[in-house]
Asker: 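Sharing a structure below in structure tokens format, with a few things to ask.
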Protein chains: 2
Amino acid sequence: MTATQLGRVQLLIMQVLWENGRTTARQITDSINEIEPIAHSTVQTLLRGLEEKGAVDHEAEGRTFVFFPLVEEANFKQSATRDLVKRVFGGKAGSLVSHLLKNEKVSAKEIDEIRKLIDQQSKKKK
Amino acid sequence: MTATQLGRVQLLIMQVLWENGRTTARQITDSINEIEPIAHSTVQTLLRGLEEKGAVDHEAEGRTFVFFPLVEEANFKQSATRDLVKRVFGGKAGSLVSHLLKNEKVSAKEIDEIRKLIDQQSKKKK
DNA sequence: GCCTATCGTTTAGTTAACTAAATCTAACAA
DNA sequence: TTGTTAGATTTAGTTAACTAAACGATAGGC
């Protein structure tokens with residue numbers, strides 16, 4: 001599962017699942033409808049697709065299905081990021097980091113966090 | 001042009017164009033064939049698509065077309081990155097930076113570069 | 001017992017990226 | 001001048017994501 005093969009809406013569904021753990025299709029529909037309109041049957045069809053590709057699974061509870069993620073969020077982030085790095089930044093993660101720091105807003109708090117991380121990296125290299 | 005709507009192979013084509021400037025379809029095909037097999041007619045069809053969406057344009061030189069990019073690489077990187085940040089990292093660029101530093105290989109040289117960048121950022125905040 | 005709201009399933013249609021063969025055209029070589 | 005080559009264009013087919021109406025079944029309310 002290379003994860004990048006998730007579409008935009010499928011990713012929205014996964015995010016609801018990652019956040020809530022076990023979730024019904026109806027709950028997912030409601031969640032997404034807070035952001036943008038979507039028909040319940042659409043969500044169900046997409047869940048089917050996600051299940052086929054092994055990203056989620058379900059159990060029956062009474063007559064309704066409770067869905068849960070099989071793919072971990074961390075793994076997904078990893079492969080989505082690697083895909084971008086490979087395709088757009090010539091495989092150099094550092095190049096993406098530079099791009100982000102130069103062109104995107106990063107809060108002072110996040111900067112501190114980042115400073116700590118690179119200090120750790122430097123130590124490791126010794 | 002939100003750029004993320006470029007497919008994988010279309011992006012390969014754009015990269016050849018960004019690197020070489022004015023380029024014929026044949027040169028692009030040859031370039032891509034160094035990486036993976038692709039038919040010339042496929043490249044031509046994709047160029048057509050790119051032209052329709054305003055990413056490239058061409059001029060006739062004799063009987064052959066010379067293509068050139070209309071979209072700038074920097075802009076593309078920007079929107080591809082923003083898309084990832086938005087879709088996968090909850091809109092927080094810093095969160096992606098952290099992820100990269102924690103999980104991806106970044107060379108010592110790149111780390112130095114990054115350190116300089118965050119020093120600049122810190123100064124700006126004062 | 002019957003209605004209706006809510007399940008999951010089936011069916012069907014759109015769009016975009018990709019693929020490449022087939023075809024038409026013009027140049028160039030022999 | 002005739003045939004091969006190398007252009008561009010046309011045509012056509014696949015796959016994946018998305019969309020949602022329509023349908024059949026069932027649980028719960030009245």
Side-chain angles (χ1 to χ4, degrees), chain A residues 1-17 22-33 35-68 71 76 79-80 83 87-88, chain B residues 1-17 22-33 35-68 71 76 79-80 83 87-88:
Chain A
M1 253 288 296
T2 37
T4 339
Q5 59 210 3
L6 295 186
R8 195 185 62 86
V9 186
Q10 289 182 323
L11 177 52
L12 286 179
I13 291 175
M14 291 309 293
Q15 278 164 345
V16 176
L17 286 169
R22 298 170 60 84
T23 317
T24 65
R26 174 60 61 188
Q27 288 174 309
I28 295 170
T29 302
D30 292 345
S31 245
I32 293 179
N33 266 316
I35 309 169
E36 63 185 63
I38 192 165
H40 184 51
S41 59
T42 303
V43 171
Q44 284 177 313
T45 304
L46 293 180
L47 276 167
R48 203 163 264 273
L50 287 169
E51 201 162 321
E52 261 166 38
K53 66 172 82 160
V56 309
D57 199 2
H58 76 268
E59 281 169 7
E61 264 185 27
R63 68 164 170 156
T64 78
F65 287 178
V66 179
F67 292 85
F68 48 90
V71 174
F76 174 80
S79 56
D83 185 64
R87 282 169 59 174
V88 180
Chain B
M1 255 287 297
T2 36
T4 339
Q5 62 210 1
L6 295 186
R8 195 185 61 86
V9 186
Q10 289 182 323
L11 177 52
L12 286 180
I13 291 175
M14 291 308 294
Q15 279 165 343
V16 176
L17 287 169
R22 298 170 61 83
T23 317
T24 64
R26 175 60 61 189
Q27 288 174 310
I28 295 171
T29 302
D30 292 345
S31 246
I32 294 178
N33 266 316
I35 309 169
E36 63 185 64
I38 192 163
H40 185 50
S41 59
T42 303
V43 171
Q44 284 177 314
T45 304
L46 294 180
L47 277 167
R48 205 162 262 273
L50 287 169
E51 201 161 322
E52 260 165 39
K53 66 172 80 160
V56 309
D57 199 1
H58 77 268
E59 282 168 6
E61 264 185 24
R63 68 166 168 154
T64 78
F65 287 179
V66 178
F67 292 86
F68 48 89
V71 174
F76 174 80
S79 56
D83 186 64
R87 283 170 59 173
V88 179

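Here is the naming used below: chain letters follow the sequence lines, and residue numbers restart at 1 for every chain.
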Asker: For the pair made of CD1 in A:Ile28 and P in D:dT19, what is the distance, rounded to whole Å?
Answerer: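 These atoms are roughly 15 Å apart.
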Asker: With sequence neighbours left out, what residues match B:His58 under ring-ring contact (aromatic ring centres under 6.0 Å, His included)?
Answerer: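 ring-ring contact (aromatic ring centres under 6.0 Å, His included) check on B:His58 returns B:Phe65, B:Phe67.
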Asker: List for me each residue that meets side-chain hydrogen bond (donor to acceptor under 3.5 Å, both in side chains) alongside B:Gln15, sequence neighbours excluded, and say none if there are none.
Answerer: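 Partners of B:Gln15 by the side-chain hydrogen bond (donor to acceptor under 3.5 Å, both in side chains) criterion come out as none, since no residue qualifies.
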Asker: Compare all side-chain heavy atoms of A:Leu17 with those of A:Phe68 and state whether any distance is below 4.5 angstrom.
Answerer: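 They are not in contact (no side-chain heavy atoms under 4.5 Å apart), so the answer is no.
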Asker: Which whole-number value in Å describes the distance from B:Leu6 CG to C:dA16 P?
Answerer: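 Rounded to whole Å, this separation is 13 Å.
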Asker: Are OP1 or OP2 of C:dC18 and a side-chain N or O of B:Thr42 less than 4.0 angstrom apart?
Answerer: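 Checking C:dC18 against B:Thr42, no side-chain N or O comes under 4.0 Å of OP1 or OP2.
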Asker: Write down the distance between CG (B:Leu46) and C1' (C:dA16), rounded to a whole number of angstrom.
Answerer: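 Rounded to the whole Å, the gap is 11 Å.
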Asker: Report the distance from atom CD of A:Glu61 to atom P of D:dT26, rounded to the nearest whole Å.
Answerer: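 Going from A:Glu61 (CD) to D:dT26 (P), I get 19 Å.
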Asker: Between B:Gly54 and B:Val71, which heavy-atom pair has the shortest distance, and what is it?
Answerer: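 Heavy atoms only, the tightest pair is O-CG2, 4.0 Å.
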Asker: Would you say a side-chain N or O of B:Lys53 is under 4.0 Å from OP1 or OP2 of C:dA16?
Answerer: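 It does not, given that no N or O in the side chain of B:Lys53 lies less than 4.0 Å from OP1 or OP2 of C:dA16.
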Asker: Could you tell me the separation between the CD atom of A:Glu59 and the C1' atom of C:dG8, rounded to a whole number of Å?
Answerer: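 Rounded to the whole Å, the gap is 17 Å.
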Asker: Expressed in angstrom and rounded to an integer, what is the separation of A:Glu52 atom CD from C:dT9 atom P?
Answerer: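 One finds 11 Å between P of C:dT9 and CD of A:Glu52, rounded.
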Asker: Of all residues at least two apart in sequence or in a different chain, which pass the side-chain hydrogen bond (donor to acceptor under 3.5 Å, both in side chains) check with B:Thr42?
Answerer: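 Partners of B:Thr42 under the side-chain hydrogen bond (donor to acceptor under 3.5 Å, both in side chains) test: none.
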Asker: Going 5' to 3' along nucleotides 3-13 of chain D, which nucleotides have protein heavy atoms under 4.0 Å from the base (write B), which only from the sugar-phosphate (write S), and which from neither (write -)?
Answerer: ---BSBB----
Asker: Residues two or more places apart in sequence or in another chain: which of them pass side-chain hydrogen bond (donor to acceptor under 3.5 Å, both in side chains) with B:Arg22?
Answerer: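 Testing B:Arg22 for side-chain hydrogen bond (donor to acceptor under 3.5 Å, both in side chains), a comparison that skips the adjacent residues, returns B:Glu59, B:Glu61.
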Asker: Does some side-chain heavy atom of B:Thr64 sit less than 4.5 Å from a side-chain heavy atom of B:Arg26?
Answerer: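 Side chain of B:Arg26 against side chain of B:Thr64, heavy atoms only: no contact under 4.5 Å found.
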Asker: State, to 0.1 Å, how close A:Gly7 and B:Arg87 come at their nearest heavy-atom pair, and which atoms those are.
Answerer: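 For A:Gly7 versus B:Arg87, the nearest heavy atoms are C-NH2, 3.9 Å.
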Asker: Find the distance B:Asn33:CG to C:dT19:P and express it as a whole number of Å.
Answerer: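 Atom CG in B:Asn33 sits about 11 Å away from atom P in C:dT19.
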Asker: Among B:Val16, B:Ile13, B:Val43, whose side chain to side chain contact (heavy atoms under 4.5 Å, CB included) with B:Thr29 holds?
Answerer: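 With B:Thr29 as partner, side chain to side chain contact (heavy atoms under 4.5 Å, CB included) holds for just one option, B:Val43.
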Asker: Going by number, which of residues 8-16 of chain A have a non-hydrogen atom under 4.0 Å from DNA chain D?
Answerer: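 Contacts with DNA chain D under 4.0 Å: A:Arg8, A:Val9, A:Gln10.
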Asker: Whole Å only: how far is the CG atom of A:Leu47 from the P atom of D:dA20?
Answerer: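 About 15 Å, once rounded to whole Å.
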